[in-house]
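Count residues from 1 along the sequence.
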Amino acid sequence: MSHPDRPDTSPPSRPAPSEEELRRLVAHLRHELRTSLTAVIGYSEDLLETLEGPEEIRAELKALRSAGAAVLSLVNERLGAESLRDLSALTLPRLVRDLGDACAEPASAIAPLCARLVAAAEGAGHYALIPTLCRIQAAGVMLNDLLAGYALDLLPHAPRIGGMPKAADPASEARLSEAPSAERGRILLVDDNSVTRDVLRQWLVRKGHDVEEANGGEPALELLRTREFDLVLLDLVMPDRSGIEVLDVLRAEGRLGRFPIIVLSALDEFDGVVSALERGADDYVTKPFHMVLLRARIRMALELRRHRERERAYQGMLAEIQGAR
């Protein structure tokens, strides 16, 4: 009980977070988890696509991919729209702890699988696999650290994931790509997350594309003002300029429509995708990426680019003919 003559020195009570603040917190949680899972699933699929043997290594890679997919399924289920219908400051801590507990088993399988894969790669002489396996293992450690914190803390305080080491430049692999030259292009990859860029860059280069990277909206705009690209892969959520803002600037500068733009989005960013399409984006894909679907979307976008070039050339020819009359 406070004394009437004594000032109250107790710290002021913190106001309960608003619904919007809670939803931003959950969106941050999803983003960080999916970033790690993009590395685990994406790198695993990448290795499976390029590795022709031994079967022991392929089986372990499939198990690694399955572990990542199992965690992703739980994240999508536990943090989906239905689960967040009655979100409040009281229900969120339990939701977060339950998510950490549910994901613990498949997530904890990632590090041992990576350790066995590194040993198997060394034994089989597949030393080129080891740097990528180490990146998967690092992503698995980050994933487990996040989940462990979510299982213990009242609210998540997720560190940003970045600074992942890049693999050696696989430009020589482009010569071995099965994609015909008509399906290859100069692609600008725009994403503030180094893991996502690294996964996509390796895959795109192996498919025969020339890839330039930008780690945010502003550097992307600078590149687009000085370089020619056949396609832009544009992340929606970036700290300096969002994908929506990049589209608005391109429209204001009269550059929209010169190259197809595929928006990269998380599953829960549907409103952002709609806004991007309304502002001139040509297509979208969701993270983590389904590589077969992504390849089809890229192929269609490059064909769209060629169609636009043919149309401009035809219009120019008509203008010359009419001017000569």
Side-chain angles (χ1 to χ4, degrees), residues 24 27 30-31 34-35 38 42 76 81 179 182-201 203-205 207 209-312 315:
R24 283 202 302 267
R30 278 194 301 259
H31 172 78
R34 286 170 176 167
T35 297
T38 293
N76 291 338
E183 296 178 10
R184 302 174 189 171
R186 300 180 301 276
I187 297 178
L188 176 60
L189 172 58
V190 187
D191 198 300
D192 64 303
N193 190 274
S194 61
V195 173
T196 303
R197 293 200 312 275
D198 195 40
V199 170
L200 279 178
R201 179 183 56 82
W203 182 81
L204 289 166
V205 169
K207 295 302 177 186
H209 301 291
D210 294 325
V211 181
E212 190 85 22
E213 296 180 39
N215 62 3
E218 195 59 45
L221 288 169
E222 290 300 319
L223 283 170
L224 289 169
R225 291 174 183 130
T226 58
R227 302 280 299 276
E228 290 292 329
F229 294 97
D230 297 313
L231 171 65
V232 177
L233 299 178
L234 178 65
D235 189 28
L236 264 185
V237 180
M238 295 179 288
D240 61 341
R241 280 186 184 269
S242 69
I244 300 296
E245 291 174 317
V246 170
L247 290 167
D248 286 341
V249 172
L250 290 174
R251 178 181 294 279
E253 294 180 353
R255 298 178 183 276
L256 204 60
R258 295 187 182 183
F259 35 77
I261 298 175
I262 298 178
V263 168
L264 311 177
S265 74
L267 289 171
D268 57 319
E269 294 168 355
F270 180 75
D271 290 343
V273 168
V274 172
S275 295
L277 294 174
E278 289 175 344
R279 283 170 162 82
D282 298 280
D283 207 341
Y284 74 96
V285 291
T286 57
K287 305 177 188 177
F289 307 107
H290 189 294
M291 294 307 191
V292 174
L293 178 61
L294 178 59
R295 183 179 180 183
R297 297 285 175 84
I298 289 174
R299 185 182 303 171
M300 287 190 294
L302 292 175
E303 179 57 36
L304 174 63
R305 161 81 167 180
R306 286 187 287 273
H307 174 75
R308 288 175 178 173
E309 288 178 342
R310 287 194 297 266
E311 184 178 3
R312 281 196 291 268
Q315 289 174 345

Could you tell me which non-hydrogen atom of A266 sits nearest to which non-hydrogen atom of R34, and how far apart they are? CB-NH1, 3.3 Å

So, do L247 and I261 sit near enough that their side-chain heavy atoms are less than 4.5 Å apart? yes

With rounding to the nearest 0.5 Å, note down the distance linking CG in L233 to CG in D191. 9.5 Å

Between R186 and E212, is there a side-chain N and carboxylate O pair less than 4.0 Å apart? no

May I ask you to say whether E228 pairs ionically with R258, meaning some side-chain N is under 4.0 Å from a carboxylate O? no

Is atom CZ of F229 surrounded by more than 12 heavy atoms (other residues, nucleotides or ligands) closer than 6.0 Å? yes

Are L264 and L236 side-chain neighbours, meaning at least one heavy-atom pair lies under 4.5 Å? no

Do NZ/NE/NH1/NH2 and the carboxylate oxygens of R201 and E213 come within less than 4.0 Å? yes

Indicate yes or no: does D210 engage R184 in a salt bridge with an N to O separation below 4.0 Å. no

Under 4.5 Å between any side-chain heavy atoms of V246 and V190, yes or no? no

May I ask you to test the T196-D235 pair for a side-chain heavy-atom distance under 4.5 Å? no

The single option from L200, D230, L231, V205 that satisfies side-chain contact (heavy atoms from CB on, under 4.5 Å) with I187 is L231

Name all pairs fulfilling the salt bridge (charged side-chain N to carboxylate O under 4.0 Å, His left out) condition that reach into residues 238-249, sequence neighbours left out, sorted by first residue then second. E218-R241, D248-R279

